[in-house]
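Here the structure is a predicted model, which means the values were calculated and not measured. For reference, positions follow the sequence shown, starting with 1.
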Amino acid sequence: MMIRWAILLLCVFSLPAATPEKKAPEFHTVTGEILSRSKLPPAAASRYPDCRYTAEFQVDKNEFGIPAKITVILPGFRDRKNTPEAAFRAGDRLELSVAPFEDMSETEQTARIADTLNDLARPWYWSSRAAKLPAPEKP
């Protein structure tokens, strides 16, 4: 009988501890300008079917505490087909929904990301939505 209890206790204490569920990231809408961006590999020749890329982004004023300059992660291609965001260039003004990269799921954090900016000092933000804004009218 004592052996059964010992085995039962051993089994119970050997179970992996329940890990708290990660809360969903909180996205905020910001506007700003792409200052520079990473080069994407050719979608058709890539070893990966999906790839995102980094862009240096100057954030306009915001009430969410997002820094003035961030590295934003944008979709580049899915299923080896370029996304509309792949056409964004330096100087483009965008409206983005962003959340801190570290708040994203493990799946998103381990996604293929083309990064030729190599600036790890700037905070990284994941973009769930990106829309190009019209160029400002010239006076």
State, yes or no, whether a side-chain contact exists between [X] and [Y] at a heavy-atom distance under 4.5 Å.
| X | Y | answer |
| --- | --- | --- |
| Gln58 | Ile70 | no |
| Asp50 | Arg112 | no |
| Ser36 | Leu117 | yes |
| Phe57 | Lys69 | no |
| Tyr125 | Pro67 | yes |
| Trp124 | Ile73 | yes |
| Pro123 | Thr71 | no |
| Val72 | Thr54 | no |

Does the distance from a Lys or Arg side-chain N to an Asp or Glu carboxylate O, for Glu56 and Arg122, drop under 4.0 Å?
yes
Can you give me every donor-acceptor pair (side chain of residues 86-95, partner residue at least two apart or in another chain, under 3.5 Å) with its distance?
unit_1	atom_1	unit_2	atom_2	d
Arg89	NH1	Ala86	O	3.4
Asp92	OD1	Lys132	NZ	3.4
Asp92	OD2	Arg89	N	2.7
Arg93	NH2	Asp60	OD2	2.6
Glu95	OE1	Arg129	NH1	3.4
Glu95	OE1	Arg129	NH2	3.2

Could you work out, with salt bridge (charged side-chain N to carboxylate O under 4.0 Å, His left out) as the rule, every residue matching Lys81, not counting sequence neighbours?
none
So which heavy atom on Trp126 is nearest to which on Phe27, and how close?
O-CE2, 3.7 Å
